[in-house]
Amino acid sequence: MPASCILGTGSYLPERVVTNADLETMIDTTDAWIRERTGIEKRHVVVDGETCCDLAEKASRNALDAAGLQASDIDLILVATTTPDQFFPSTACLLQHRLDAHGCPAFDLQAVCAGFVYALDVADKYIRCGAARHVLVVGAETFSRVLDWTDRSTCVLFGDGAGAVVLGAGDQPGIISSRIYADGAYKDLLQIPGGHGNGRPDEAFVEMKGNEVFRFAVTKLWRLVDETLAANGLSRSDIDWLIPHQANLRIIQATARKLDLPMERVVVTVHEHGNTSSASIPLAFDQAVRDGRIQRGQTLLMEAFGGGFTWGSTLIKY
Ligand code: COA
């Protein structure tokens, strides 16, 4: 059975930057509060006319270049996003057209901040069963468009961006294990309550019970990390790099403590771009690949948690 190997990574952040100091002029907050509670220093935000597909395209082209492949080599395109350009066509179809790749299946996958690990799970299964040889997996978001910029409890946390990987069928280990979960019983803790679907389009902004989300995330991620290691017969010291969802530095530190991993072996980018939802893991992954921290042959653990609730992990031999 073929394995899903990482052939290339790419990412893109929009040029416009909103710093904590900028937010101080807009809402009742301080740079010190945001840094202390979240670790975030700034976030990138799209400008008028710039869309999720624009970010996805740039990240995808970077990943294809890194993989040494053309878009025509790709036989499945998956875009994890909660903030698509349109209801339909899917952002994956829009992206396919931009890349001038035609005919291969292309679809969006919505699991909020766990979207990228969900999409890796799907891609891995396509590759393992022989249905695809090269899969483009993208996490792309314009969360700035679904924030209430007067709500200080949420608008300071999120940002826009995109990350992508090209997976290829190979005989190297690649993705060793993938675990995804959901529990809709927690739907009210983190949500965008309104939308055209329920006739409440005016309420299409993020709402969150921050404390409860924080507690649940830490508990679930601790259990997830233990399960992932046990299921694969690994011990904590076998992990070279933790690439966590970049939501909050304190949640990342708590997971690293659970793994006994020093923060030097955790890829942290949350200070640079805030929570970019499904884009956050591939953004962090690409940065650490490009700056040479992540090396071939190393063992990587990705973990994510998001609205739904959804959560999951991907274990990779890079
Ligand atoms: N600036 C200044 N004060 C703020 C603020 C802001 N941006 N946002 C909230 N506050 C205030 C609150 O109003 C509250 O004031 P009060 O005590 O007078 O009522 C106080 O800060 C403490 O609020 P609280 O919500 O208890 O803070 P917290 O320590 O839990 O931190 C979060 C808030 C959102 C940073 C934290 O709960 C969190 O990170 N949760 C998880 C969020 C997350 O990761 N979500 C995405 C998952 S994918």
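All ligand and atom numbering here is 1-based and tracks the order in the structure.
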Exercise for the section: Would you please say whether a donor-acceptor pair under 3.5 Å links the side chains of Thr38 and Asn248? Expected result: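 No pair is found: no donor N or O on one side chain lies under 3.5 Å from an acceptor on the other.
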Handout entry: Salt-bridge criterion met for Arg98 and Asp54 (N-O under 4.0 Å)
Key =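 Asp54 and Arg98: salt-bridged.
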Handout entry: Note: Arg128-Asp124 ion pair, threshold 4.0 Å (strictly below)
Key =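 Looking at Asp124 together with Arg128, the answer is yes, because their closest N to O distance falls below 4.0 Å.
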Practice task
Starting from atom 25 (O) of ligand 1, locate the nearest protein heavy atom and write down its residue, its atom name and how far away it is, to 0.1 Å.
Solution key: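 Result for atom 25 (O) of ligand 1: Asn211 ND2, 3.9 Å.
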Problem - Contacting atoms of ligand 1, where contact means under 4.0 angstrom from a heavy atom of Cys113 - result: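 Counting from 1, the qualifying ligand atoms are 48 (S).
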Problem - Minimum heavy-atom distance between Arg152 and Asp28, given as atom pair plus value - result: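 Nearest pair, atom of Arg152 first, then Asp28: NH1-O, 3.0 Å.
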Exercise for the section: Please state whether the rings of Phe216 and Tyr186 are parallel, tilted or perpendicular, taking 30° and 60° as the class boundaries. Expected result: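 Judged by the thresholds at 30° and 60°, the geometry between Phe216 and Tyr186 is tilted.
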Do [X] and ligand 1 have an N or O pair less than 3.5 Å apart?
X      : answer
Asn248 : yes
Arg37  : yes
Val156 : no
Thr29  : yes
Thr30  : no

Practice task
For ligand 1, indicate whether the residue Ile251 contacts it via side chain, backbone, both or neither (heavy-atom separation under 4.0 Å).
Solution key: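 Within the 4.0 Å criterion, Ile251 contacts ligand 1 through side-chain atoms alone.
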Practice task
Report the part of Asn275 (side chain from C-beta onward, or backbone N, CA, C, O) that has a heavy atom under 4.0 Å from ligand 1; answer both or neither where that applies.
Solution key: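 The part of Asn275 near ligand 1 is the side chain, not the backbone.
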Practice task
Output the distance between atom CG (Leu147) and atom OG1 (Thr142), rounded to the nearest 0.5 Å.
Solution key: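 OG1 of Thr142 is found 9.5 Å from CG of Leu147.
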Exercise for the section: Spell out, as yes or no, whether a donor-acceptor pair under 3.5 Å connects the side chain of Glu203 to the backbone of Gly194. Expected result: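 Absent.
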